[in-house]
Participant: 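Got a structure for you, questions after.
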Amino acid sequence: MRPECPQTDHHLGQLHFLIGSVHAIHKGDNEEAMRWYEKALPRLKKTYPASLMDERGMTGEQLVSVGVLLWETGRRDEAVVVTEKGTDRMLAAVAAGTLEDTTLAVPYQNLAIMQRKLGNLKKAESLADRAARFESGDSDTTKRR
């Protein structure tokens, strides 16, 4: 068996994520979705070579989606970490001009809710303010086209 190349590894992560999404969204089976997401996570978290850098926004959004299911299944600490990683990846994509900055409102809203429920009210408020800035288009991030 030959070793996987970065593109193959990335595509397998995408496949596992999509199968998990089908179970979560279309079948309402969070347990089965989590099995697939767990297969996807190590691949989605990887840092890929420059040839896949345009995928940062998409994989960031996928990590944020996985964070939601982790939260819903009681894996709260992991949910925060995965959501933060996804948000960071999305921020990098916005900076590179491959993702609209308004998409950042969702992960910041998610993180604000998570922090509020964890009792970190000051952090939650800061994240909610950041989400609101991205929703209104009044962010400090420069859009590139």
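If you read the sequence from its start, that first residue is 1, and numbering goes on from there.
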Participant: Any side-chain heavy atom of L127 within less than 4.5 Å of one from K123?
Facilitator: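 They are in side-chain contact.
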
Participant: Do R116 and L121 come close enough that some side-chain heavy atom pair is under 4.5 Å?
Facilitator: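 Result yes, sub-4.5 Å side-chain heavy-atom pair found.
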
Participant: Heavy atoms only: give me the nearest T83-G67 pair and the separation to one decimal.
Facilitator: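 In this case the closest contact between T83 and G67 is OG1-CA, 3.5 Å.
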
Participant: Less than 4.5 Å apart, side chain to side chain, heavy atoms only: is that true for H10 and E55?
Facilitator: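 SC-SC contact between H10 and E55 confirmed.
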
Participant: Quick one: does D129's side chain get under 4.5 Å of Y108's, heavy atoms only?
Facilitator: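 The answer is no, as the side chains (C-beta and beyond) never meet within the 4.5 Å cut-off.
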
Participant: With heavy-atom distances below 4.5 Å as the criterion, would you say the side chains of L99 and M58 are in contact?
Facilitator: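 Answer no - side chains too far apart.
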
Participant: Looking at K122 and E125, does any basic side-chain N land under 4.0 Å from a carboxylate oxygen?
Facilitator: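 Salt bridge between K122 and E125, a charged N being under 4.0 Å from a carboxylate O: no.
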
Participant: Evaluate whether atom CG of D88 has more than 12 neighbouring non-hydrogen atoms of other residues, nucleotides or ligands under 6.0 angstrom away.
Facilitator: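 Check passes, neighbour count above 12.
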
Participant: Please report the closest heavy-atom contact between R89 and R56, naming both atoms and the distance.
Facilitator: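 Here R89 and R56 meet closest at CG-O, 2.9 Å.
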
Participant: Give the C-alpha distance, both sets of side-chain angles, the deciding distance and a yes or no for side-chain contact (heavy atoms from CB on, under 4.5 Å) between M90 and T59.
Facilitator: CA-CA 8 Å; M90 291 171 69; T59 58; over 6 Å; no

Participant: Side-chain heavy atoms nearer than 4.5 Å, only ILVMFWY residues, links allowed to pass through others: does that put V64 and L118 together?
Facilitator: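 Linked within one cluster.
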
Participant: Check A112 against A128 and note the closest heavy-atom contact, atom names and distance.
Facilitator: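 That closest heavy-atom pairing would be CB-N, 3.6 Å.
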
Participant: Using the salt bridge (charged side-chain N to carboxylate O under 4.0 Å, His left out) rule, collect all pairs that involve residues 62-75, keeping only residues at least two apart or in two chains.
Facilitator: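 Qualifying pairs: E38-R75, R75-E78.
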
Participant: Report yes or no: do V82 and M34 belong to one cluster of Ile/Leu/Val/Met/Phe/Trp/Tyr joined by side chain heavy-atom distances under 4.5 Å?
Facilitator: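 Yes.
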
Participant: Between L91 and L111, is there shared hydrophobic-cluster membership here, with clusters defined by ILVMFWY side-chain heavy atoms closer than 4.5 Å?
Facilitator: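 Linked within one cluster.
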
Participant: For residues 16-23, which side-chain donor-acceptor pairs fall under 3.5 Å, sequence neighbours excluded?
Facilitator:
residue, atom, partner, partner atom, Å
H16, ND1, L12, O, 3.3
S21, OG, F17, O, 3.1
S21, OG, Y37, OH, 3.1

Participant: Would a 4.5 Å heavy-atom cut-off, applied to side chains only, mark L41 and L63 as touching?
Facilitator: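 The answer is yes, as the side chains (C-beta and beyond) meet within the 4.5 Å cut-off.
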
Participant: Can you measure from OG (S65) to CD1 (I25) and round to the nearest 0.5 angstrom?
Facilitator: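 S65 atom OG to I25 atom CD1 measures 7.0 Å (nearest 0.5 Å).
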
Participant: Report the distance from atom OG1 of T103 to atom CZ of F134, rounding to the nearest 0.5 Å.
Facilitator: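 T103 atom OG1 to F134 atom CZ measures 8.5 Å (nearest 0.5 Å).
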
Participant: What's the spacing between E31 CD and T73 OG1 if we round to 0.5 Å?
Facilitator: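 Between atom CD of E31 and atom OG1 of T73 there are 10.0 Å.
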
Participant: Is there a path of hydrophobic side-chain contacts, each under 4.5 Å between heavy atoms of I/L/V/M/F/W/Y residues, joining L69 to V106?
Facilitator: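 Each belongs to a different hydrophobic cluster.
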
Participant: Show your reasoning for whether side-chain contact (heavy atoms from CB on, under 4.5 Å) applies to V80 and W71.
Facilitator: CA-CA 8 Å; V80 171; W71 184 268; 4.3 Å; yes

Participant: Is there a donor-acceptor pair closer than 3.5 Å between any side-chain N or O of R43 and the backbone N or O of H11?
Facilitator: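 Here the side-chain-to-backbone pair does not exist.
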
